[in-house]
Chemist: 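I have a structure I would like to understand better, so I am pasting it below and will then ask my questions one at a time.
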Amino acid sequence: MALYSLPELPYDYSSLEPVISGEIIELHHDKHHAGYVKGANDTLEQLAEAREADQWGAVNGLEKNLAFHLSGHILHTIYWQNMTGDGGGEPLEKDGTGELADAIAESFGSFGKFKAHLSKAAATTQGSGWGVLAYEPVTGRLIVEQVYDHQGNVGQGSVPILVFDAWEHAFYLQYRNQKVDFVEAMWRVVNWQDVAKRYAAAKERANNLLLVP
């Protein structure tokens, strides 16, 4: 039985236009994300077969595949929820996202400095990858991570709460090779309510993530 399934989008394909075209959302969700779900399930099945047969010649490749596909599934699941057609701006106290706004200011100096940091991380990722705002549970602060592919260059234990997909399939049909323009446009659809909820949940569960008391 498959352990992972493709989540439904929380909006119509065209809901993020003009920032992201409906064609891109449809292909991205129904083809690319679905491929990561299938890849994770297939790899788990192959690992189960390896255990049953006690045959471990392919274990290194299988573990790498599992990390790749599972991370792709997780990041995309967050990505869809991180966006809304009514988004944009920045987190504010009057919108109920003041705790997140304070954390961003404390961790980065200001919202403007944070925005520049995450934008640069996403836009300059070499090859395929993501720009990620994550909660780091050891210090209890927010950090920006530049994630290669889906799983590389990640601080262990960090919890992604806002993700910018910088793979070409996320933007090329509309923005061609102008990744910087796509990243800048992404700020117009950020769902700060979702990000704030993820931040609050990550803080609440931080003690369960730590390896030491």
Side-chain angles (χ1 to χ4, degrees), residues 4 7-11 15-16 19-20 29 33 36 70-125 129-148 150-167 170 182-213:
Y4 302 107
E8 293 186 5
L9 288 171
Y11 35 70
S15 294
L16 302 180
V19 173
I20 309 177
H29 176 267
H33 189 173
Y36 301 128
L70 180 54
S71 295
H73 171 44
I74 291 170
L75 287 171
H76 279 92
T77 300
I78 297 170
Y79 181 64
W80 307 127
Q81 298 290 336
N82 272 172
M83 297 184 292
T84 175
D86 299 324
E90 61 182 274
L92 299 170
E93 181 70 34
K94 67 177 183 179
D95 297 325
T97 55
E99 186 177 359
L100 173 64
D102 291 343
I104 287 174
E106 182 177 353
S107 296
F108 301 99
S110 68
F111 179 81
K113 291 178 181 178
F114 154 68
K115 181 178 178 181
H117 187 168
L118 181 56
S119 294
K120 187 62 69 173
T124 62
T125 302
W130 300 71
V132 174
L133 173 66
Y135 177 79
E136 195 282 286
V138 176
T139 60
R141 62 169 292 157
L142 296 173
I143 60 173
V144 165
E145 296 181 321
Q146 190 179 54
V147 180
Y148 293 103
H150 301 307
Q151 77 281 18
N153 210 35
V154 177
Q156 298 299 314
S158 63
V159 181
I161 63 172
L162 173 62
V163 298
F164 279 15
D165 192 342
W167 283 63
F182 170 66
V183 171
E184 182 59 31
M186 274 291 299
W187 292 101
R188 292 159 52 193
V189 294
V190 173
N191 184 348
W192 290 114
Q193 297 291 332
D194 180 69
V195 180
K197 290 177 182 177
R198 293 180 186 279
Y199 171 64
K203 280 186 62 179
E204 182 179 345
R205 300 167 187 167
N207 289 338
N208 295 328
L209 296 173
L210 298 178
L211 300 179
V212 295

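Since we're looking at a predicted model, the values are computed, not measured.
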Chemist: Within this structure, what is the OG1-OH distance for the pair Thr77 and Tyr4, rounded to the nearest 0.5 Å?
Modeler: 11.0 Å

Chemist: Under a 4.0 Å threshold between the charged nitrogen and the carboxylate oxygen, would Glu99 count as salt-bridged to Lys203?
Modeler: yes

Chemist: Would you call the rings of Trp167 and His150 parallel, tilted or perpendicular, taking 30° and 60° as the class edges?
Modeler: parallel

Chemist: If every non-hydrogen atom of Ser158 is compared with every non-hydrogen atom of Ile143, which pair is closest and at what distance?
Modeler: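 The answer is CB-CD1, 4.4 Å.
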
Chemist: Strictly distance-based, threshold 3.5 Å: is any side-chain N or O of Gln146 a donor or acceptor partner for the main-chain N or O of Ala121?
Modeler: yes

Chemist: Look up atom CZ in Phe164 and atom CE in Met83, then write down how far apart they are to the nearest 0.5 Å.
Modeler: 9.5 Å

Chemist: Atom CG in Asn191, atom CG in Leu162: separation rounded to 0.5 Å?
Modeler: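 It is 10.0 Å, given to the nearest 0.5 Å.
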
Chemist: Within the structure provided, determine whether Glu184 and Lys115 are in side-chain contact (heavy-atom separation under 4.5 Å).
Modeler: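 SC-SC contact between Glu184 and Lys115 confirmed.
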
Chemist: For Ala105, does its backbone N or O pair with a side-chain atom of Ser110 as donor and acceptor, under 3.5 Å?
Modeler: no

Chemist: Counting C-beta onward and ignoring hydrogens, is there a side-chain heavy-atom pair between His73 and Pro7 closer than 4.5 Å?
Modeler: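 Yes; the side chains approach each other to less than 4.5 Å.
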
Chemist: Verify, without hydrogens or angle tests, whether Asn82 (side chain) and Val163 (backbone) share a donor-acceptor contact under 3.5 angstrom.
Modeler: yes

Chemist: Determine whether Trp187 and Val19 make a side-chain contact, defined as any pair of heavy atoms from C-beta on separated by less than 4.5 Å.
Modeler: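 Side chain of Trp187 against side chain of Val19, heavy atoms only: no contact under 4.5 Å found.
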
Chemist: Which atom pair, heavy atoms only, marks the closest approach of Ala122 to Val183?
Modeler: CB-CG2, 4.0 Å

Chemist: Can you check whether Leu70 reaches Ile74 side chain to side chain, under 4.5 Å on heavy atoms?
Modeler: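 Yes, side chains in contact.
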
Chemist: With no hydrogens and no angle check, is any side-chain donor or acceptor of Glu145 less than 3.5 Å from a backbone partner on Gly155?
Modeler: yes

Chemist: Do Asp86 and Tyr11 come close enough that some side-chain heavy atom pair is under 4.5 Å?
Modeler: no

Chemist: For residues Leu118 and Phe108, determine if any side-chain heavy atom of one lies less than 4.5 Å from a side-chain heavy atom of the other.
Modeler: no

Chemist: Using side chain to side chain contact (heavy atoms under 4.5 Å, CB included), reason through Tyr36 and Leu75 one step at a time and then give a plain yes or no.
Modeler: CA-CA 10 Å; Tyr36 301 128; Leu75 287 171; over 6 Å; no

Chemist: Strictly under 6.0 Å, is that where the ring centroids of Tyr199 and Trp192 end up?
Modeler: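 No, the ring centres sit 6.0 Å or more apart.
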
Chemist: Measure the spacing between OG of Ser107 and CD of Glu136 and express it to the nearest 0.5 Å.
Modeler: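 Spacing of OG (Ser107) from CD (Glu136) equals 10.0 Å.
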
Chemist: Would a line drawn from the ring center of Tyr79 to the ring center of His33 be shorter than 6.0 Å?
Modeler: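 Ring centroids of Tyr79 and His33 are no less than 6.0 Å from each other.
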
Chemist: Could you check if a side-chain atom of Ile161 sits within less than 4.5 angstrom of a side-chain atom of Leu142, using non-hydrogen atoms only?
Modeler: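 Sidechains of Leu142 and Ile161: in contact.
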
Chemist: Can you tell me if Glu90 uses its side chain to pair, donor with acceptor, with the backbone of Gly112 under 3.5 Å?
Modeler: no

Chemist: Any side-chain to backbone donor/acceptor pair from Ser71 onto Gln151? Under 3.5 Å, distance only.
Modeler: no

Chemist: Answer whether the closest heavy-atom distance between the side chains of Ile104 and Pro91 falls below 4.5 Å.
Modeler: yes

Chemist: To the closest 0.5 Å, what do you measure between OG1 (Thr84) and CD (Gln193)?
Modeler: 10.0 Å

Chemist: Identify the two heavy atoms, one from Glu93 and one from Gly98, that lie closest to each other, and give their separation to 0.1 Å.
Modeler: OE1-CA, 3.3 Å

Chemist: Rounded at 0.5 Å granularity, tell me how far OH in Tyr135 sits from CG in Leu100.
Modeler: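 So the OH of Tyr135 and the CG of Leu100 are separated by 12.5 Å.
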
